[in-house]
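The block underneath contains the structure these notes are about, expressed in structure tokens.
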2 protein chains.
Amino acid sequence: MKAQALHGHLDALLLAVLEQGALHGYAIIEALRARSDGSLDLPTGTIYPALRRLERAGHVASTWSTVSGRERRTYQLTDSGRRALAGERAGWREFQLTVGRFLDPESPPTPS
Amino acid sequence: MKAQALHGHLDALLLAVLEQGALHGYAIIEALRARSDGSLDLPTGTIYPALRRLERAGHVASTWSTVSGRERRTYQLTDSGRRALAGERAGWREFQLTVGRFLDPESPPTPS
DNA sequence: CCTTCATGCGTAGCTACGCTACTTGTCGGA
DNA sequence: TCCGACAAGTAGCGTAGCTACGCATGAAGG
């Protein structure tokens, strides 16, 4: 799908992925791809700046580690991030309902 | 709701509104507000450029008229626009499913 | 040995697009 | 007379995702 349609919802996706456990950037990209059956194949130039943004906002915290000679920056959700995720979920529901009122096929009141 | 979250879906909303009949810009804004119960209160600086964009793309056509001394530019959906709307609807469904897989609460498999 | 690919991080610059703030103009009502 | 609803529009801004890079390590294959 057109990834640019994510606009405004990427942060929520990242928080949702990290909700299930801390991951490093590259693994986050793979997790998004896996959990979306390949629909979301986001480039590093999208993910890394977004993670920095979330860290600046205090929603995630990062720690460096070295795994077999490679540097990894592992991100984990903070309490603030968990609250933000709850808000994003609520926002998503509202967004979904509002846009759906225009784009979803209307359920026929008299099906038979 | 935060209107900037519309990013990428505004065109679809406009096409959906015009699907039910031709309207002029100002009336489109009111239709969006009405059909969304006030959630979508979009400024003219958002709507008018978007309509021009859709017209350049051939998805809508406009005609001027004067109603009680006021100039109106009425937009109507073209065939191309109808096709585009169908595509937007399909895209919306996919987007909804994909993002929902991360943000919607998972239906518990064993409720009891 | 050397090249290639997957892993892993990152930035610079571009572009799309919605928003803010503004202008212009008519009409009706206080 | 002046203000607010109606009606259209633009200029400039900011956000944020994308493209296209660069750098480095380790494993695999010729």
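Since this is a predicted model, take the numbers as computed values, not measurements. Reminder, nothing fancy here: chain letters follow the sequence lines and each chain counts from 1.
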Checklist entry - B:Leu13 CG to C:dG18 C1': how many Å, rounded? => result 13 Å
Next on the checklist: Is the phosphate of D:dT15 approached by A:Arg53 (side-chain N or O, under 4.0 Å from OP1 or OP2)?
Outcome noted: no
Under-3.5 Å N/O pairs linking protein and nucleotides 26-29 of chain C:
{"from": "C:dT26", "atom 1": "O2", "to": "B:Arg70", "atom 2": "NE", "distance (Å)": "2.9"}
{"from": "C:dT26", "atom 1": "O2", "to": "B:Arg70", "atom 2": "NH2", "distance (Å)": "3.1"}
{"from": "C:dC27", "atom 1": "O4'", "to": "B:Arg70", "atom 2": "NH2", "distance (Å)": "3.4"}

Checklist entry - Within this structure, what is the CZ-to-P distance between B:Arg52 and D:dT10, rounded to whole angstrom? => result 5 Å
Checklist entry - Is there a side-chain polar atom (N or O) of B:Thr44 under 4.0 Å from OP1 or OP2 of D:dG9? => result no
Item to check | Toward the 5' end of DNA chain D, by each residue's nearest nucleotide, A:Pro49 or B:Arg73 | outcome: B:Arg73
Checklist entry - What is the distance, rounded to the nearest whole Å, between atom CZ of B:Arg33 and atom P of D:dA7? => result 12 Å
Checklist outcome for this item: Testing C:dT20, D:dC18, D:dG9 for proximity to the side chain of A:Leu42, the answer is D:dC18
Item to check | For atom CD1 of B:Ile28 and atom C1' of C:dG18, their distance in whole Å | outcome: 16 Å
Checklist entry - Does B:His7 have a side-chain nitrogen or oxygen under 4.0 Å from the phosphate oxygens OP1 or OP2 of D:dG17? => result no
Checklist entry - Which whole-number value in Å describes the distance from A:Ile47 CD1 to C:dG8 C1'? => result 14 Å
Checklist entry - D:dA8 C1' sits how many Å from B:Tyr75 OH, rounded? => result 9 Å
Checklist entry - Is A:Val60 close to A:Leu15 at the side-chain level, that is, under 4.5 Å between some pair of heavy atoms? => result yes
Checklist entry - In whole angstroms, how far is the C1' atom of D:dG22 from the OH atom of A:Tyr48? => result 14 Å
Checklist outcome for this item: note: B:Asp41, atom CG; D:dA5, atom C1'; distance rounded to Å ~ 14 Å
